Number of protein chains: 2
Amino acid sequence: MSNLTKIQDIAEHKIRIGGFNSFSFREIADEVGIKSSSVHYHFPTKLDLGLAVAKRYTDRFIDELKGHEDASLSLQLCIEMYIRVFETALKRDRKMCLCGLLAAESSNLPNALKSEARRFFQLNIEWLTNKFVELGHLDENSAKAKAIFYISSLEGALLTSQVNDDTTIFDATAKQLKALL
Amino acid sequence: MSNLTKIQDIAEHKIRIGGFNSFSFREIADEVGIKSSSVHYHFPTKLDLGLAVAKRYTDRFIDELKGHEDASLSLQLCIEMYIRVFETALKRDRKMCLCGLLAAESSNLPNALKSEARRFFQLNIEWLTNKFVELGHLDENSAKAKAIFYISSLEGALLTSQVNDDTTIFDATAKQLKALL
DNA sequence: GTCTATAATTTGATAGAC
DNA sequence: GTCTATCAAATTATAGAC
């Protein structure tokens with residue numbers, strides 16, 4: 001794996017654990033096995049690194065969503081798949097959603113980074129809204145309200161599970177959301 | 001107002017905006033109008049300050065909940081009151097829930113601070129569970145699952161509203177939760 | 001692309017005077 | 001309780017050699 005990729009992987013891990021202010025170029029450099037100046041070669045500023053990581057995270061997330069899409073999927077299966085993508089983030093990685101954490105601290109983030117975190121939410125809301133309109137036959141407004149409700153609940157469930165070191169807390173929320181369809 | 005109180009107020013503000021790693025003793029001292037060594041007089045370490053602020057936040061939150069309690073309140077009114085406490089945090093303060101933010105970054109926090117954030121969630125879940133049992137006549141397990149669902153959704157709604165600079169996003173979630181009773 | 005070296009600033013924290 | 005003075009360490013970032 002290239003050092004560029006390693007840098008982004010480690011930065012993503014650290015942001016998802018503690019936020020944008022919780023890591024330094026030196027820590028990343030040490031874990032890669034290079035010097036901090038070499039990290040600056042790839043990403044001139046910390047903001048550049050944060051933006052690249054957030055963009056990559058959102059793009060991958062949306063790609064995974066679209067990758068599991070299937071014209072024959074029912075609303076029920078679509079939403080179950082959607083919930084599973086969040087579930088994986090929690091149970092495999094034992095970490096927060098990167099953009100969820102950035103959203104929480106967004107008032108204190110550079111504008112560009114806040115915008116990138118917002119993009120994650122907007123794309124998710126767009127995707128969910130579409131499903132609720134096309135498969136659930138809701139009107140646009142109701143569909144969007146429901147979409148916001150779903151992503152908010154899932155992000156909150158990650159946060160509550162995290163602080164309680166208890167992934168079954170996520171399951172409790174997931175179950176309620178599925179029952180709501 | 002005493003400097004001790006001012007220090008805690010400013011620290012609370014900064015944590016709610018950007019998390020535990022987003023402020024320094026010097027910044028707080030500057031805003032109070034004293035020197036950073038004087039802040040250390042009141043709170044020897046940053047952890048001491050964080051713990052005091054988190055404890056105060058949770059105690060006040062629970063006090064407010066109990067203050068609005070009334071034996072004659074229906075489940076509907078109880079939960080509407082509960083949601084209103086979160087709503088106030090967002091619309092009056094335009095900030096995250098302090099313990100919500102600490103929960104998000106809890107994997108990177110000193111254990112004592114993570115525990116204090118966890119206490120907020122446990123007390124909230126306890127309070128909600130009780131209401132669902134006593135006023136909603138749910139069994140203990142269903143009540144607790146519903147309690148977890150409610151606090152998770154509300155915390156997530158704060159986070160989603162924050163990153164979108166749009167308080168109506170919170171309203172969308174609040175409305176769905178009320179409809180669910 | 002990675003290194004050494006270094007700059008300028010900030011950080012959490014302490015000692016001791018008043 | 002607040003101050004001055006100070007510390008050691010860490011931070012983001014740059015210049016220039018290889």
Side-chain angles (χ1 to χ4, degrees), chain A residues 1-56 101-102 105-114 116, chain B residues 1-56 98 101-102 105-114 116-117:
Chain A
M1 203 190 335
S2 73
N3 281 344
L4 192 145
T5 304
K6 281 186 198 164
I7 290 167
Q8 294 194 65
D9 289 348
I10 296 165
E12 175 176 327
H13 169 74
K14 291 188 177 297
I15 295 174
R16 287 178 66 183
I17 277 183
F20 187 63
N21 294 307
S22 77
F23 71 93
S24 71
F25 272 47
R26 267 187 173 75
E27 286 175 311
I28 290 180
D30 286 348
E31 286 191 40
V32 175
I34 56 178
K35 295 297 173 180
S36 71
S37 53
S38 302
V39 179
H40 279 286
Y41 167 79
H42 294 285
F43 303 99
T45 71
K46 195 178 179 181
L47 177 57
D48 291 322
L49 174 53
L51 285 173
V53 168
K55 182 167 171 23
R56 189 185 70 156
L101 218 161
L102 292 180
E105 59 184 1
S106 61
S107 300
N108 198 52
L109 253 29
N111 274 330
L113 195 48
K114 178 172 184 171
E116 188 52 44
Chain B
M1 201 191 336
S2 72
N3 281 346
L4 192 144
T5 304
K6 280 187 200 164
I7 290 167
Q8 294 193 67
D9 289 348
I10 296 166
E12 175 175 326
H13 168 74
K14 290 187 177 297
I15 295 174
R16 287 178 67 182
I17 278 183
F20 187 62
N21 294 307
S22 77
F23 72 94
S24 72
F25 272 48
R26 268 185 172 75
E27 286 175 311
I28 291 180
D30 286 348
E31 285 190 40
V32 176
I34 55 179
K35 295 296 173 180
S36 72
S37 53
S38 302
V39 180
H40 278 286
Y41 167 79
H42 294 286
F43 302 98
T45 70
K46 195 178 179 182
L47 176 57
D48 291 323
L49 174 53
L51 285 173
V53 168
K55 184 169 169 22
R56 189 184 70 157
L98 185 129
L101 217 161
L102 292 180
E105 59 184 0
S106 62
S107 299
N108 198 50
L109 253 29
N111 273 330
L113 195 49
K114 178 174 184 169
E116 189 52 43

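Fair warning: this is a prediction, and the values are worked out from it, not measured in the lab. Numbered from 1 within each chain, the chains take letters A, B, ... in sequence-line order.
Applying the salt bridge (charged side-chain N to carboxylate O under 4.0 Å, His left out) test to residues at least two apart or on different chains, none of the pairs has a partner in residues 21-30 of chain A. Applying the salt bridge (charged side-chain N to carboxylate O under 4.0 Å, His left out) test to pairs two or more places apart or on separate chains, those with a residue in residues 31-48 of chain B are B:Lys14-B:Glu31.
In 5' to 3' order, the nucleotides of DNA chain C bounding all contacts with chain A (an atom under 4.0 Å from a heavy atom) are C:dG1 to C:dT6.
Residues passing the side chain to side chain contact (heavy atoms under 4.5 Å, CB included) test with B:Ala11 are B:Ile28, B:Leu49, B:Val53, sequence neighbours excluded. For the ring pair (Phe, Tyr, Trp, His ring centres under 6.0 Å) test, no residue two or more places apart in sequence or in another chain qualifies with A:His42. For B:Gln8, the side chain to side chain donor-acceptor pair (under 3.5 Å) test picks out no residue, with sequence neighbours left out. Shown here are the side chain to side chain donor-acceptor pair (under 3.5 Å) partners of B:Ser107, two or more places apart in sequence or in another chain: A:Gln162. Remark: B:His13 pairs with B:Lys95 by the side chain to side chain donor-acceptor pair (under 3.5 Å) rule, at least two apart or across chains. Shown here are the side chain to side chain donor-acceptor pair (under 3.5 Å) partners of B:Thr5, two or more places apart in sequence or in another chain: B:Ser2. Checked against ring pair (Phe, Tyr, Trp, His ring centres under 6.0 Å), B:Phe43 has no partners two or more places apart in sequence or in another chain.
Contact check of residues 38-48 of chain A against DNA chain D (heavy atom, cut-off under 4.0 Å) returns A:His40, A:Thr45, A:Lys46. Contacts with DNA chain C (heavy atom under 4.0 Å) in residues 15-27 of chain B: B:Phe23, B:Ser24, B:Phe25, B:Arg26, listed by number.
Between B:Leu4 and B:Ser37, it is B:Leu4 whose nearest contact on DNA chain D lies nearer the 5' terminus.
Listed for the B:Glu105 side chain is no donor-acceptor partner under 3.5 Å among the backbone atoms of B:Gly19.
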